[in-house]
Amino acid sequence: MTQDFLIFFFVLLLALLFSTFMEYTIHRLMHARYVLGTKHLEHHKEGTGQGWWGEFLDYFLPTIPFLWFGFLYSVAAGIGWALGGFIYACIAAYAHQVQHDNPDLVFWLKKPVHHLHHKEKMWHHNFGITFSFWDKVFGTYDDTDWIPNKKRNEYQLSDYFKIQWF
Ligand SMILES: [Zn+2]
Ligand SMILES: [Zn+2]
């Protein structure tokens with residue numbers, strides 16, 4: 001039982017880490033010369049999110065064919081992997097939407113890496129959305145200047161829910 005829980009938890013963390021790696025890789029591919037998706041180019045022109053729900057679908061639907069992989073190992077690993085993928089999509093949808101709606105609220109990063117990717121029209125840097133970890137690993141992190149509109153302590157907890165949800 002304990003061992004099952006450890007496997008579940010380990011695989012869940014692995015799924016989160018792997019998801020952020022895929023996020024980085026796919027976004028980077030979208031900016032590669034011949035692979036730039038039209039949808040992403042549009043996204044850069046518009047500079048807005050689709051609302052949390054639309055973002056969630058974009059992050060979650062493509063993962064569905066891969067969600068069962070963990071069950072090849074065990075039930076605990078299967079649940080951990082699938083749940084990790086689901087949780088990642090929830091978090092990534094929020095991370096993307098909030099950086100378009102109000103980057104000041106990105107409390108878990110030193111700077112809102114995806115907001116800066118748009119604002120500075122970066123084509124070769126800051127591909128991370130949820131985290132900047134992989135940009136730092138692969139040397140694409142651009143620690144450009146950024147001044148928030150308001151300090152974090154001037155925000156209420158309720159402000160963190162004031163994003164476009166649908
Ligand atoms: Zn981009
Ligand atoms: Zn964006």
Side-chain angles (χ1 to χ4, degrees), residues 12-67 82-152 154-166:
L12 190 143
L13 291 181
L14 198 69
L16 291 173
L17 187 71
F18 181 72
S19 301
T20 60
F21 175 71
M22 290 310 290
E23 165 192 293
Y24 174 88
T25 307
I26 292 169
H27 188 191
R28 190 165 174 173
L29 280 176
M30 285 172 170
H31 282 273
R33 208 164 161 194
Y34 298 110
V35 206
L36 177 64
T38 320
K39 189 177 176 187
H40 194 63
L41 191 60
E42 282 301 313
H43 175 56
H44 269 268
K45 280 186 194 151
E46 286 168 12
T48 54
Q50 313 167 77
W52 182 88
W53 176 244
E55 294 295 330
F56 171 77
L57 293 179
D58 267 10
Y59 285 104
F60 187 65
L61 295 180
T63 71
I64 287 176
F66 310 102
L67 282 183
L83 192 65
F86 175 76
I87 292 172
Y88 164 74
C90 294
I91 295 172
Y94 180 83
H96 188 237
Q97 191 62 39
V98 78
Q99 294 191 64
H100 282 284
D101 289 353
N102 186 355
D104 287 5
L105 301 177
V106 182
F107 60 89
W108 64 93
L109 294 176
K110 213 174 103 217
K111 291 178 185 175
V113 64
H114 186 66
H115 166 73
L116 294 172
H117 172 76
H118 277 275
K119 184 170 169 276
E120 305 296 335
K121 298 187 169 43
M122 291 177 185
W123 228 244
H124 305 286
H125 295 92
N126 293 1
F127 298 112
I129 297 163
T130 315
F131 293 104
S132 50
F133 174 72
W134 293 109
D135 279 297
K136 286 171 183 164
V137 169
F138 293 112
T140 51
Y141 185 66
D142 187 340
D143 191 19
T144 190
D145 288 341
W146 176 67
I147 301 159
N149 287 320
K150 284 202 284 180
K151 288 197 185 115
R152 292 222 176 104
E154 292 174 51
Y155 285 102
Q156 313 272 317
L157 184 61
S158 61
D159 291 326
Y160 289 84
F161 296 92
K162 288 175 191 161
I163 62 163
Q164 186 196 332
W165 288 95
F166 293 99

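Computed over heavy atoms, backbone and side chain alike; hydrogens, waters and symmetry mates excluded. Only a predicted model underlies this, so the values are computations on that prediction, with no experimental measurement involved. Order of listing sets the numbers, starting from 1, for every ligand and every atom in it.
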Give the atom name of whichever N/O/S atom in [X] sits closest to the Zn ion (ligand 2).
| X | answer |
| --- | --- |
| H100 | NE2 |
| H118 | NE2 |
| H96 | NE2 |

What atom name does the N, O or S atom of H117 nearest to the Zn ion (ligand 1) carry?
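Atom name returned: NE2.
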Just give me the atom name: the N, O or S atom of H40 closest to the Zn ion (ligand 1).
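Looking at H40, the N, O or S atom with the least distance to the Zn ion (ligand 1) is NE2.
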Verify the neighbour count for atom CZ of F18: are there more than 12 heavy atoms of other residues, nucleotides or ligands below 6.0 Å?
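No, the 6.0 Å shell around CZ holds no more than 12 heavy atoms from other groups.
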List the steps, then state whether salt bridge (Lys or Arg N to Asp or Glu O under 4.0 Å) holds for D159 with K150.
CA-CA 12 Å; D159 291 326; K150 284 202 284 180; 5.3 Å; no
Between NE2 of H27 and NE2 of H31, what angle is found at the Zn ion (ligand 1), rounded to 10 degrees?
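About 90°, to the nearest ten degrees.
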Is the distance between the ring centroids of F56 and F86 under 6.0 Å?
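Yes: the rings meet the under 6.0 Å criterion.
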Where the Zn ion (ligand 2) is the corner point, what angle links NE2 of H114 with NE2 of H43, to 10°?
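With the Zn ion (ligand 2) as the vertex, NE2 (H114) and NE2 (H43) sit 150° apart.
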Has the side chain of R28 got a donor or acceptor atom that lies under 3.5 Å from a matching backbone atom of G128?
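Not at all, since once roles are kept as given, no pair shorter than 3.5 Å links the two residues.
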Are side-chain N/O atoms of Y24 and T140 paired as donor and acceptor at under 3.5 Å?
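T140 and Y24 do have a side-chain donor-acceptor pair below 3.5 Å.
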Any N/O/S of H44 under 2.8 Å from the Zn ion (ligand 2)?
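It does not; every qualifying atom lies at 2.8 Å or beyond.
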Name the residue from H125, H124, H117 that meets the ring-ring contact (aromatic ring centres under 6.0 Å, His included) definition with H31.
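Of H125, H124, H117, ring-ring contact (aromatic ring centres under 6.0 Å, His included) with H31 is met by H117 alone.
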